[in-house]
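All of these numbers come straight from a predicted model, not from anything done at the bench.
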Amino acid sequence: MRKYSLFLLMLATLSISLKAQVLPLREQAKVIDELLNDRINNLLPALMEKNGIDLWVIVSREYNEDPLLKTMLPATWLNARRRTILVFYNNPQKKIFTKSAIARYNVGDNIKAAWDMTKFPDQWDALTNLISSYNPEKIAINTSASFAHADGLDHTEYTELMHKLSPAQQQKVVSAEPLAVAWMETRTEREMQIYPQLINISHKIIAEGFSDKVITPGITTADDLVWWFRQKINDLGLTTWFHPSVEIQRNDAVEFDHLSAFTNVDAADIIRPGDLLHVDFGITYLRLNSDIQEHAYVLLPGETDAPASLKAAFATGNRLQDILTSKFALNKTGNQILAEALAQAKAEHIEATIYTHPIGYNGHAAGPTIGLWDQQGGVPGSGDFPMHYKTCYSIELNVATYIPEWKKKVRMMLEQDGYFDEHGFRYINGRQKEIFLVQGKTAQ
């Protein structure tokens, strides 16, 4: 009983520390704007020079925002206003970098309005005049066949823009895809000081959800647990970019199915002793995202640990993580990394499925896709994109392992967020190495 009381005290302390970690909204806005100012003033010019783009035009209308524009708005701007046009110009030789908004208002304190409505009643004329004054070599716009994140210029805005550009300017129009993806995927030094806090909060929420505080075997359903996670996020003043899911694998005749694995198909199922639980969970905080999958085992009466076969299966999942991240290298494509990792897994007799993706401003973010669960031979387009330094990834995969006691295979579905730079790959806030154990309130 004393041990159980200490466990409850630990969970109470965990809840208090979680609330203390999350900043009030006003302080969050301050941090978001500081991060954004650093990115625009220091990161963006370097990215423009690296990708050979001297002028970048981003156009959005209110409530139909380019996903990239949303990352450039100050914290107090929840949307574009009417039509918002941002123009970035970079001339490294002359050491000129300008930020302009062809809009009625300054876009926060960082991007000043550059539309003289008296001189140019038509907003497009103001834009083309600014472009002419720079006489850029390229005019980059957000169009992309491979990345939705970089394809935010809608058809109407594209048509009107091209109509207003001179024939000579039209010849300079190029896709901003490499620059747009670089903007989305590259993390700054300060962002990487903050990211571990975000992942730590995510890990703590999962630990609390996979505990006696929340789960009562024989009473709690998978959907109860799903909504506990969702409510917890809300109660902490956080948001999420997807609805959590909880799956159950157990000693029965049901075989694993990828299509139903992340769709809460077990929603009404009551959690029982002997169940292997899986959660897919993520939060959004300070415009960054987490995406994590972990496992718990509900102890049977008299058990003090998970069955050795399940622990071994979990260890195999950790091994696949190591195989995959060992293949990360600068300029290697997602498809190359996928093929090499699957080949090594096969050589080690691991039945592997890999579907790892970038993470950052989006949960499924821009950058090299490393497999999809139904495309293990490679992913055209985003899978051909090369890996760069200072980028983050959700190491998402699963291994199928035969469990003798259950007379079937189980899937250990793992996902943890990590960072890749000149020093190699590292997990941002560690990873799960042991299955959570749920004693259950019925056992106290």
Side-chain angles (χ1 to χ4, degrees), residues 242 244-250 254-266 276-282 290-297 309-328 332-359 363-365 367-385 387 392-404 406-418 420 425 427 431-433 435:
F242 71 102
S245 67
V246 170
E247 291 72 42
I248 301 172
Q249 296 180 84
R250 58 168 60 112
V254 178
E255 298 291 338
F256 177 86
D257 175 48
H258 268 113
L259 280 173
S260 61
F262 303 98
T263 56
N264 283 315
V265 70
D266 299 320
L276 178 67
L277 308 180
H278 163 267
V279 67
D280 189 2
F281 174 85
S290 66
D291 194 4
I292 297 169
Q293 295 175 45
E294 297 192 341
H295 286 275
Y297 176 73
S309 55
L310 289 180
K311 293 169 69 175
F314 192 87
T316 302
N318 282 159
R319 173 58 189 152
L320 182 59
Q321 290 174 325
D322 292 341
I323 290 172
L324 173 61
T325 58
S326 73
K327 306 303 178 184
F328 284 16
K332 192 183 290 185
T333 69
N335 289 334
Q336 289 172 327
I337 294 168
L338 174 68
E340 291 177 12
L342 287 176
Q344 184 170 337
K346 184 177 180 180
E348 295 186 22
H349 307 289
I350 297 173
E351 189 174 336
T353 308
I354 295 172
Y355 35 103
T356 287
H357 57 84
I359 192 165
H364 295 154
T369 299
I370 307 174
L372 296 171
W373 70 263
D374 56 349
Q375 290 181 246
Q376 291 296 282
V379 181
S382 61
D384 297 316
F385 197 82
M387 181 169 280
C392 293
Y393 300 89
S394 283
I395 308 304
E396 185 177 11
L397 45 77
N398 73 60
V399 295
T401 307
Y402 185 75
I403 305 300
W406 293 6
K407 298 182 175 59
K408 69 175 187 180
K409 293 178 181 179
V410 301
R411 296 270 181 163
M412 290 296 177
M413 298 171 280
L414 308 181
E415 186 169 21
Q416 296 290 342
D417 300 327
F420 176 71
F425 174 85
Y427 288 101
R431 58 171 168 167
Q432 186 183 19
K433 293 184 178 180
I435 300 171

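- Between the side chain of Thr356 and the backbone N or O of Glu396 there is at least one donor-acceptor pair closer than 3.5 Å.
- Here the side chain of Lys408 pairs a donor or acceptor atom with the backbone of Val254 at under 3.5 angstrom.
- Using a 4.5 Å heavy-atom cutoff, the side chains of Tyr427 and Ile395 are in contact.
- For the residue pair Tyr355 / Asp374, no side-chain donor-acceptor distance below 3.5 Å is found, with atom types taken as modelled.
- Residues Gln293 and Gln416 bring no donor and acceptor atom of their side chains to less than 3.5 Å of each other.
- For the pair Leu310 and Trp406, the minimum side-chain heavy-atom distance is below 4.5 Å.
- Residues passing the side chain to side chain donor-acceptor pair (under 3.5 Å) test with His295, sequence neighbours excluded: none.
- Ser394 and Asp417 share a side-chain donor-acceptor pair at under 3.5 Å.
- Looking only at side-chain heavy atoms (C-beta outward), Ile350 and Ile323 come within less than 4.5 Å of each other.
- Side-chain contact check for Leu324 versus Leu397: some heavy-atom pair is nearer than 4.5 Å.
- Phe425 and Phe328 have their aromatic ring centers within a separation under 6.0 angstrom.
- In this structure, Asp280 and Phe242 have side chains that are in contact, with non-hydrogen atoms separated by less than 4.5 Å.
- For the residue pair Glu415 / His357, a side-chain donor-acceptor distance below 3.5 Å is found, with atom types taken as modelled.
- A donor-acceptor distance shorter than 3.5 angstrom exists from the side chain of Asn318 to the backbone of Gln432, with no hydrogens or angles considered.
- By the salt bridge (charged side-chain N to carboxylate O under 4.0 Å, His left out) test, Arg431 pairs with Asp322, sequence neighbours left out.
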Table please: side-chain donor-acceptor pairs of residues 337-347 below 3.5 Å, with sequence neighbours left out.
| from | atom 1 | to | atom 2 | distance (Å) |
| --- | --- | --- | --- | --- |
| Glu340 | OE1 | Lys332 | NZ | 2.9 |
| Gln344 | OE1 | Lys327 | NZ | 2.6 |
| Gln344 | NE2 | Glu348 | OE2 | 3.1 |

